Amino acid sequence: MGLILSILTGVLYAAAIYLLLRRSIVKMILGIIFLGNATNVLVFVSGGLTKASPAFIAEGQQVAAEHIADPLPQALILTAIVISFGIIAFSLALMYRFYKITGTDDLDDVTEEDEV
Amino acid sequence: MSNLLLLPVIVPLATVLILLLAHGRKWLQQIIGIGGIALQFTVAVWIFVVVNSQGIQVIQLGSWPAPFGITFVADLFSSIMLMVAALIGLMTAIYAMPTISDNRQRFSYYPLVNAMLMGVNGAFLTGDVFNLYVWFEVMIMASFVLLTLGGSRQQMNGAIKYVAMNLVASMLFLAGIGLLYGQAGTLNMADLALKIRASDDAFLLNSSAMLFFVAFSLKAALFPFFFWLPASYPTAPMAITAFFSGLLTKVGVYALIRFFTLFFVQNQSFWHPLLLWAGGITMLVGVLTAASQYDMRRILSFHIISQIGYIIMGLGLFTVAGIAGAIYYMVHNIVAKANTFLVAGMVYKLRGTYDLKAISGLYKNYPLVALLFVIPAMGLAGVPPFSGFVGKLMLVVAGFEAEKWVITGVALLVGLFTLFSMVKIWNEGFWKKHTGNDASDNKKLPVAMLVPVAILALITILLGVAAEPVVELCMRAAHQLIDPSSYIEAVLGKQY
């Protein structure tokens, strides 16, 4: 399982970087989505994959009776997913504004020379 | 335990909420927005006084003991940064009153500035690596909106670069957190410091340390990750650019200093030369590119980059004197840099352009503006008696003491080039004979523009003239950073 997820992480990162390097903003935003998901899987894998029960302790006991899985990486990923959700919503709005103002999706059509 | 540490987050949060209720009313927005930041500044000074007299303050959120819960920690370094951040927020917010368009002030400017300050304050206070990531996101989300609102063609161009680079940096940061947790099993900074210092195979941590280094370098605009900054910063209104120049990159630098003094102290023979190289090249590239520019905003933006190099040099030296120099330089630079941008905004108000070739003769017609420019500009260049001189002196002395000749030589050379750039602005903009019509040259600047600039200029002078107590303070802050035992003890308690 760890090996499959590691390969998946690599593939996602590769796809993300390829997309980020494109000139089209839509593809760039897709790249950011991929990058976010790749990172989430990375956090999940590097937190250690254990086959164990959820982190609950039975009533009246001080410690868990059996081996429990580490809940922290999942909590981290959950937070990261929520944040990237907001970021993607913003990026899409920004892309729409960019298209409305410049009339293009291609980043190279807008250069710094426009400033002068 | 001190609930005081929550106020730098709660005050701006409450301000944002109240501001949203006062949606659309400009005067109400101004009063509440600026009042909120003023309150925040008071809180920051209060925290500083407490930390200065009683030592490091800690609060465990929700009373979950460290390292399990989230910890807020205020040592001298973070409390100094809190004060400076609130000061810059306050000054730029006052400056914004007559300069930012009515529509922005009515709806978005003040809530966003307060939201960004909340993120900045949280980042300075938190003692948990993942929590730092969350505060970074709060900060950059607010900065995204501040930068993209309005939206001319070139602003969109800069904004896309800024957003993309920051998001990539955030993801690298998060990946670093994942690897760090996998290797160390904790995310509490004090606990990490303890574990990594005790560990034998800290070499493995280099992968996550490198991810953090790249992520923070992107945010701090360190070489070779600086190109987004001059593309995006100059496009925003001046009050916002000044606010960004003072704070955004410096939060990245703060995180670098915090991480690389507290827990990434393994493999020093690899990291410190890397930091010195990065700092040195950043300085040189920033200052040389600035020399070829003729737009005031772009010159100043490139100078942000070169000044970051000085702070990183102090970190790379990794001596008490070096870190103290870095802290002093950071305070000086935030104040002086924001101020030069604010003066550039004045020039724009008077002449309607930032192009140095078109601006001229300001000295004759507006001697006060000339005076207000010369103070922060000479401060940046490091001319005595202003603050930059003391900062550069501290770093250069620290460099010689550490026998790092090359970087010290570079620092001195870059100081000369900085002076060249500032003199160029002075010659072209202020001294050169005005070719246009002199009769129109009697505009009056609003008091709300003059006051913040004058206050910041006064601080630049005071930091230079009365340097002794400030330097002594920076030395103590640097001691706390180099020897983190008091930090660890404050967070984890005596029993560790």
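None of the values given here were measured: they were computed from a predicted structure. What's counted below: heavy atoms across the whole structure, side chains too, no hydrogens, waters or symmetry copies. Throughout, a chain's letter reflects where its sequence line sits, starting with A, and its residues are numbered from 1.
Both the backbone and the side chain of B:Phe144 come within contact range of chain A, each with at least one heavy atom under 4.5 Å from a heavy atom of that chain. Only the side chain of A:Leu42 comes within contact range of chain B, judged by heavy atoms closer than 4.5 Å. For A:Ile77, no part lies near chain B; criterion is any non-hydrogen pair under 4.5 Å. For chain B, the nearby part of A:Thr39 is the side chain; its heavy atoms alone come within less than 4.5 Å. At a 4.5 Å heavy-atom cutoff, the contact between B:Val145 and chain A is made by backbone and side-chain atoms alike. With a 4.5 Å cut-off on non-hydrogen atoms, A:Thr9 does not touch chain B at all. The contact between A:Tyr13 and chain B is made entirely by side chain atoms (from C-beta outward), counting heavy-atom distances below 4.5 Å. With a threshold of 4.5 angstrom between heavy atoms, A:Leu20 approaches chain B through side-chain atoms but not through N, CA, C or O.
Inter-residue side-chain proximity for A:Ser84 and B:Leu167 is flagged as unmet; no heavy-atom pair is nearer than 4.5 Å. The shortest distance between side-chain heavy atoms of B:Tyr133 and A:Ile83 falls below 4.5 Å. Proximity of A:Arg97 to B:Thr148: side-chain heavy atoms (C-beta onward) are nowhere separated by under 4.5 Å. Using a 4.5 Å heavy-atom threshold, the side chains of B:Ile160 and A:Met95 count as separate. Using a 4.5 Å heavy-atom threshold, the side chains of A:Phe90 and B:Val163 count as touching.
For A:Ile7, the side chain to side chain contact (heavy atoms under 4.5 Å, CB included) partners are A:Leu3, A:Val11, not counting sequence neighbours.
Taking a 6.0 Å sphere around CD1 of A:Ile4, one finds it holds 12 or fewer heavy atoms contributed by other residues, nucleotides or ligands. Within a 6.0 Å sphere centred on NZ of B:Lys424, other residues, nucleotides and ligands contribute more than 12 heavy atoms. Within a 6.0 Å sphere centred on CZ of A:Phe34, heavy atoms belonging to other residues, nucleotides or ligands number 12 at most. The local environment of CZ in A:Phe44 is sparse, with at most 12 non-hydrogen atoms from other residues, nucleotides or ligands closer than 6.0 Å.
In terms of heavy-atom pairs under 4.5 angstrom with chain B, the leader among A:Leu76, A:Ile87, A:Leu94 is A:Leu76.
Between A:Thr102 atom OG1 and B:Met156 atom CE the span is 8.5 Å, to the nearest 0.5 Å.
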Please list, one pair per line, the donor and acceptor atoms closer than 3.5 Å that link side chains of residues 168-182 of chain B to other protein atoms, with sequence neighbours excluded.
from	atom 1	to	atom 2	distance (Å)
B:Ser170	OG	B:Glu137	OE2	2.6
B:Ser170	OG	B:Asn166	O	3.0
B:Ser170	OG	B:Lys219	NZ	3.2
B:Tyr181	OH	A:Asp70	OD1	3.2
B:Tyr181	OH	A:Asp70	OD2	2.3

